[in-house]
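Chain letters run A, B, ... following the sequence lines, proteins first and then strands; every chain starts at 1.
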Number of protein chains: 2
Amino acid sequence: MYNDLIPAFQIGGIVAAPKGNMSYRDIKKVVLDRIQNRIWGPDSLLPGEIELAEEFSSTRTTVNRALRELAEEGFLERKRKAGTRVLHSPARKAQFAIPLVRDEITDAGATYRYSLVKREVMPAPSWLTAKLALKPDREVLHLQCMHFADNEPFQLEKRWIIVESVPEVLEADFTASGPNDWLVQKVPFSNLELSFFATKADEDTAGFMDASVGDPIFATQRTTWLRGEPVTHAVLYFTPGYKMTTRL
Amino acid sequence: MYNDLIPAFQIGGIVAAPKGNMSYRDIKKVVLDRIQNRIWGPDSLLPGEIELAEEFSSTRTTVNRALRELAEEGFLERKRKAGTRVLHSPARKAQFAIPLVRDEITDAGATYRYSLVKREVMPAPSWLTAKLALKPDREVLHLQCMHFADNEPFQLEKRWIIVESVPEVLEADFTASGPNDWLVQKVPFSNLELSFFATKADEDTAGFMDASVGDPIFATQRTTWLRGEPVTHAVLYFTPGYKMTTRL
DNA sequence: ATTCTCTTTTTGTGTAGACAAAAAGGGGTC
DNA sequence: GACCCCTTTTTGTCTACACAAAAAGAGAAT
């Protein structure tokens, strides 16, 4: 019944601190275990760092690191003078890897292929001007690209790059590799907004993906700024049936 | 042009280390700034901790903490003996808050209302048995609940709870508050799988949400284990147009 | 009771030094 | 070259101590 999350020195469900010196990892495991087994229930106050250091025959520094990390992970809340408290809804935070499409595909063991569908320099469409708070009549480079996994359509990328923010982009060649690769190499980024939503395949999208008009499509949207200046906005449409998964 | 991400002691775009002692936060800012301004470009090797400690007139311990955290945040890769290297795709990790539905709604300033739609004790459907690797013929409690924001349908929750793993669940009353609240209070959790996908509103779902059959629906799926034993599986269907957003 | 100030507790962070552990690189052997 | 062993560099972690800073709580003044 007990699996690998339970520290090795637990016997019969009772958490015992081992005699020897414990690393901050060991301490994290014991504390997390006590939280999960309601020894320290929701909202309850943990002993102070010094007291815990004595129990684990460790030092305050080490206990501090263990508790600090558990707090970062969303299990505890710490306040000076008030002490350390167990949060009632644990793991409020999920961490997602946001890989490059190519990595996502090759990591899955499939062959990656890229194809540029459309390239167009144009005035910023009004929705983009509004969304990014652009000054009026900015020029943007609009690109549409397809990413294939084992020659099956995997992702349709629609991207807009603000020319004023990255003038060199007009000279870049996107026939062989995608704009993401180029941007990552060329532009230091500073700020990112990421969102997920569901949409319907329109005729255009359905044509590129292996989809029928009206199919539900999982999509993500990314906007990137560099020191407050918008650089690029991209919408990524995934193949029907795509599921984004994480474990914690 | 330079905004708040740039440390205060930067002058004219050139990063200068101040004379006085720097905190690990200061060091993080300077290092991050150098990464973003390509002073330390992608794949380049940073100086060792001791050297940096001298530059910042700090100690290795403090520099270590700064670099360690930047590595956790996805900017750097550190390996013993090989040193610290700048990753080419920064911020590969996005952190998401996974709030309780109630919090999500009340935090947005709306009024939360809950309603139990269906409660049924049944043998585990075969897809669930397969998905969770259950022993055959387990009993599950199936629930369907609606969550409203300002009396508009916000989320439809379909949940299955493995009775064997949490026998007390049969006595719980879910007419006033949802199973999530109960589970969070009652069951220590240990392991979670979370996934996002797009689906179509079927007739049943469309009836509960303010949707038409065929509308694209953003949905999330959560499976929870306790020490290797599956506890509950839930699918949450959001109202059409819902967007999940994060910034980093 | 309210507001203010002061004290005190608790976590936050920095310093200095030590040893551990991973892993790259060198040198040798086959 | 391929393989193996040893050295050495670099990060990982622990200890012990110090002072800083937030914030709760007590007590005084109003």
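Out of D:dT15, C:dT9, C:dA23, the shortest distance to the side chain of A:Lys81 is found at C:dT9. In this structure, of D:dT15, C:dA18, C:dT13, it is C:dA18 that holds the atom nearest to the side chain of B:Arg60. The listed nucleotides are D:dT13, D:dA16, C:dT13; the one nearest the side chain of A:Arg65 is D:dT13. Of the candidates D:dG12, C:dT9, C:dT13, the closest approach to any side-chain atom of B:Ser23 belongs to C:dT13. The listed nucleotides are C:dG14, C:dA24, D:dG12; the one nearest the side chain of B:Arg78 is D:dG12.
Distance B:Ile50 CD1 to D:dT9 P: 11 Å, rounded to the nearest Å. For the pair B:Glu49 CD and D:dT9 P, the computed distance is 16 Å after rounding to whole Å. Straight-line distance from the CG atom of A:Asn64 to the P atom of D:dA18: 17 Å, rounded to whole Å. Distance A:Arg85 CZ to C:dT10 P: 12 Å, rounded to the nearest Å. C:dT10 atom C1' lies 14 Å from atom CD of A:Glu77, rounded to whole Å. B:Glu54 has its CD atom 14 Å from the P atom of C:dT15, to the nearest Å. Rounded to an integer number of Å, the gap from CD of A:Glu51 to P of C:dT10 is 9 Å. Distance NZ (B:Lys79) to P (D:dG12): 12 Å, rounded to an integer number of Å.
Contact annotation: A:Thr84 reaches the phosphate of C:dT11 (side-chain N/O to OP1 or OP2, under 4.0 Å). Between A:Thr61 and D:dC17 there is no side-chain N or O to OP1 or OP2 distance below 4.0 Å. In this structure, B:Ser58 reaches the C:dT15 phosphate: one of its side-chain N or O atoms is under 4.0 Å from OP1 or OP2. Between A:Arg68 and C:dG12, a side-chain N or O to OP1/OP2 separation shorter than 4.0 Å is absent.
With a 4.5 Å cut-off on side-chain heavy atoms, B:Cys145 and B:Pro179 count as touching.
Residues A:Met22 and A:Ser58 approach most closely at O-OG, 4.2 Å, considering heavy atoms.
With the nearest nucleotide of DNA chain D identified for both B:Leu46 and A:Ala82, B:Leu46 has the one nearer the 5' end.
Not a single donor-acceptor pair under 3.5 Å links the side chain of B:Arg159 to the backbone N or O of B:Leu143.
Between A:Phe154 and A:Phe238, the two ring planes are perpendicular [angle over 60°; tilted spans 30° to 60°].
For the residue pair A:Asn64 and A:Thr61, no side-chain donor N or O sits within less than 3.5 Å of a side-chain acceptor on the partner.
For B:Arg80 against D:dT11, a side-chain-to-base donor-acceptor contact under 3.5 Å is present.
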